[in-house]
Novice: 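Mind looking over this structure? Questions follow.
Counting starts at 1 for both ligands and their atoms, in listed order. The analysis underlying the following values was restricted to heavy atoms, covering all of them including side chains, and did not include hydrogens, waters or symmetry mates. One is the number of the first residue; the rest follow in order along the sequence.
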Amino acid sequence: MLYKLIPPSVVTATIQLPASKSISNRALIINALGKGIYPPENLSDCDDTQVMIKALTEGKETIDIMAAGTAMRFLTAYLSVTPGERTITGTARMQQRPIQILVNALRELGAEIEYTRNEGYPPLRIKGAELKGNEITLKGNVSSQYISALLMIGPALKDGLTLHLSGEIISRPYINLTLQLMQDFGAKAAWTSPNSISVAPQPYQSIPFKIESDWSAASYWYQIAALSPKAEIELLGLFHNSYQGDSRGAEVFSRLGITTEFTSQGVKLKKTGKAPERLEEDFVDIPDLAQTFVVTCALLNIPFRFTGLQSLKIKETDRIAALRAELKKLGYVIEEENDSILMWNGERCEPEETPVIETYEDHRMAMAFAPAIIRHPNLLIADPQVVTKSYPGYWEDLKQAGFQVINEG
Ligand SMILES: O=C(O)C1=C[C@@H](OP(=O)(O)O)[C@@H](O)[C@H](O)C1
Ligand SMILES: C=C(OP(=O)(O)O)C(=O)O
């Protein structure tokens, strides 16, 4: 499928954003471990959360979590402490996303996990067991999801759990999000040093819990505001004191001339029109915003240097390669350094007349390139349905904001 887009001259919209998939999937695991009586409210309707709900409720022997990294990692730990024997698998890409660091850590605690195809990668065969041991060291520089997965089962272990993280810790706000939610649900879990975390053996308590809207999804609306000549956008369901690290996107966008006003319902975006000559930012804490800012800065003609992108190669696709290939079609030559830095010094190439933006089974490629239509008429988005991974209503919301979204077949 191909989508052609036509932007409105003025974007005016009030958008009910989807709920955060990161919070939804943590609340579901904690709720399952705590045998909660209050189901989490406002769960996301996205694929990544739907696969998690199915895995926890259907009781199937083979669980297919499709492309959901959080579901794969969190369920691997959860199934290791849950009676029964199951196979957990996912898409072809999921079978290329590494999981050895988590499996080794769980095995050290006594978990019974086997690789059914390739060593180090899903699918996994997991037999639930009572885990022993309470102190392990693992790498913190590949994916924070391994750490979140281990932390969430910590309260269920007889002696609790202490994790020592080696290397530069990436995606730290996602670890903090896990700790925050665990604490909300009555667990004792906290950093004890800059790279160690301890969890007490104390069961979760069930509480009513409402899930916030998704700040990563909000970033595409900030992007639309930044690229549009005129925009009045209100985003509902975002909290001022957000648990989500991606709320920092609001501060980075303020440097691109988009200010945020918090209301009782969410946020209103305002354009000040000011833009910097150049943007430098470290994305190690906010990797999911990288595509948003790479595309926005290129289209606004703002040279940039973005560091901390080392996790992008093992996400839904190799996002470093995907960004460079697709921006080239729009006439921008983006450089890469050390597998972890993307830079643009203003260099251009001949843009394609009708560029077809490939999305590589990556929701964020579709969502970050769609707003580019405001500055680059004629582009088409391939396989637009990929957005269902985190934001199923994205195209409907664009229509509500005055965009024409035409299915070109
Ligand atoms: O814990 C989470 O909810 C997530 C952690 C991050 O992954 P990494 O820790 O692998 O960077 C992020 O990219 C992902 O979208 C969601
Ligand atoms: C990286 C992402 O998801 P996950 O790792 O959970 O598949 C994402 O949503 O950008």
Side-chain angles (χ1 to χ4, degrees), residues 18-30 44 46-52 65-77 90-91 93-99 101-102 122 138-152 165 167-182 211-212 214-220 242-246 248-249 283-294 308-320 322-323 340 359-368 386-392 394:
S20 157
K21 74 174 165 84
S22 289
I23 300 181
S24 295
N25 285 8
R26 285 165 171 76
L28 284 165
I29 288 281
I30 292 174
S44 174
C46 72
D47 291 352
D48 282 16
T49 296
Q50 292 311 308
V51 294
M52 183 70 113
I65 52 73
M66 304 205 305
T70 49
M72 175 55 77
R73 280 71 179 259
F74 298 173
L75 284 167
T76 293
T91 57
R93 174 62 181 171
M94 183 52 65
Q95 297 182 32
Q96 296 168 345
R97 296 183 70 185
I99 196 155
I101 293 170
L102 174 59
L138 72 157
K139 282 186 177 177
N141 59 2
V142 178
S143 169
S144 71
Q145 294 178 11
Y146 309 147
I147 298 148
S148 291
L150 290 161
L151 290 173
M152 282 189 281
L165 309 179
E168 185 196 11
I169 299 172
I170 61 155
S171 295
R172 192 186 278 265
Y174 289 98
I175 303 177
N176 292 335
L177 172 63
T178 306
L179 292 173
Q180 182 64 62
L181 285 181
M182 290 173 65
I211 293 156
E212 184 186 7
D214 191 324
W215 268 101
S216 324
S219 77
Y220 309 110
S242 177
Y243 287 180
Q244 297 169 66
D246 278 4
R248 206 180 99 209
F283 281 80
V284 76
D285 283 346
I286 48 172
D288 292 358
L289 299 184
Q291 286 144 302
T292 306
F293 283 101
V294 166
L309 304 176
Q310 54 270 37
S311 68
L312 261 59
K313 279 186 182 278
I314 58 163
K315 298 214 184 274
E316 282 80 336
T317 185
D318 174 346
R319 289 180 173 168
I320 301 244
L323 279 167
S340 65
T359 50
Y360 307 82
E361 293 179 31
D362 184 352
H363 53 146
R364 301 202 190 283
M365 286 302 287
M367 295 190 288
V386 288
V387 300
T388 58
K389 187 174 190 287
S390 68
Y391 190 167
Y394 182 68

Novice: Other residues, nucleotides and ligands only: do more than 12 of their heavy atoms fall within 6.0 Å of CD on Glu361?
Specialist: no
Novice: To which of Met72, Glu316, Lys389, Met367 does the heavy atom nearest atom 1 (C) of ligand 2 belong?
Specialist: Glu316
Novice: Quick one: look at Ala67 and ligand 2, take heavy-atom pairs under 4.0 Å, and tell me if it's side chain, backbone, both or neither.
Specialist: backbone
Novice: Taking atom CD of Gln291 and atom CD1 of Ile320, what is their separation to the nearest 0.5 Å?
Specialist: 10.0 Å
Novice: Report, in ascending order of atom number, the atoms of ligand 1 lying under 4.0 Å from any heavy atom of Lys21.
Specialist: 15 (O)
Novice: Would a distance-only check, ignoring hydrogens and angles, find a side-chain to backbone donor-acceptor pair under 3.5 Å from Arg93 to Met66?
Specialist: no
Novice: Here's a test for you: under salt bridge (charged side-chain N to carboxylate O under 4.0 Å, His left out), which of Asp47, Asp48, Asp288 qualifies with Lys389?
Specialist: Asp48
Novice: Can you check whether Thr70 has an N/O within less than 3.5 Å of an N/O in ligand 1?
Specialist: no
Novice: What about Lys315: any of its N or O atoms under 3.5 Å from an N or O on ligand 2?
Specialist: no
Novice: May I ask you to check if ligand 2 and Ala68 share an N or O to N or O distance below 3.5 Å?
Specialist: no
Novice: Looking only at protein heavy atoms, which one is nearest to atom 5 (O) of ligand 2, and how far off is it?
Specialist: Arg97 NH2, 2.7 Å
Novice: Classify the side-chain pair Thr178/Ser148 by whether it contains a donor and acceptor separated by less than 3.5 Å.
Specialist: yes
Novice: Measuring from the heavy atoms of Gln291, does anything fall under 4.0 Å of ligand 2?
Specialist: no
Novice: At what distance is the nearest protein heavy atom to atom 3 (O) of ligand 1, and which residue and atom is it?
Specialist: Ser22 OG, 2.6 Å
Novice: Does an N or O from Lys315, backbone or side chain, lie closer than 3.5 Å to an N or O of ligand 1?
Specialist: yes
Novice: Which bit of Ser144 is near ligand 1, meaning a heavy atom under 4.0 Å away: side chain, backbone, both or neither?
Specialist: both
Novice: What do we get for Met66 next to ligand 2 when only non-hydrogen atoms under 4.0 Å count, side chain, backbone, both or neither?
Specialist: neither
Novice: May I have the step-by-step check of side-chain hydrogen bond (donor to acceptor under 3.5 Å, both in side chains) for Thr292 and Ser219, ending in yes or no?
Specialist: CA-CA 7 Å; Thr292 306; Ser219 77; 2.9 Å; yes
Novice: Looking at non-hydrogen atoms alone, which of Asp288, Asp246, Ile175 comes nearest to atom 15 (O) of ligand 1?
Specialist: Asp288
Novice: Identify, by atom number and element, the atoms of ligand 1 in contact range of Ser143, meaning under 4.0 Å from any of its heavy atoms.
Specialist: 8 (P), 9 (O), 10 (O)
Novice: Have a look at Arg26, His363, Gln145 and point out the one with the heavy atom closest to atom 7 (O) of ligand 1.
Specialist: Gln145
Novice: Does any N or O in the side chain of Tyr394 come within less than 3.5 Å of the main-chain N or O of Met367, such that one atom is a donor and the other an acceptor?
Specialist: yes
Novice: Answer side chain, backbone, both or neither: which part of Asp288 comes under 4.0 Å from ligand 2, heavy atoms only.
Specialist: side chain
Novice: Who's the nearest protein heavy-atom neighbour of atom 10 (O) of ligand 2, and how far?
Specialist: Arg364 NE, 2.6 Å
Novice: Report yes if some N/O of Lys21 lies less than 3.5 Å from some N/O of ligand 2; otherwise report no.
Specialist: yes
Novice: At a 4.0 Å threshold, what atoms of ligand 1 neighbour a non-hydrogen atom of Ser171?
Specialist: 8 (P), 9 (O), 11 (O)
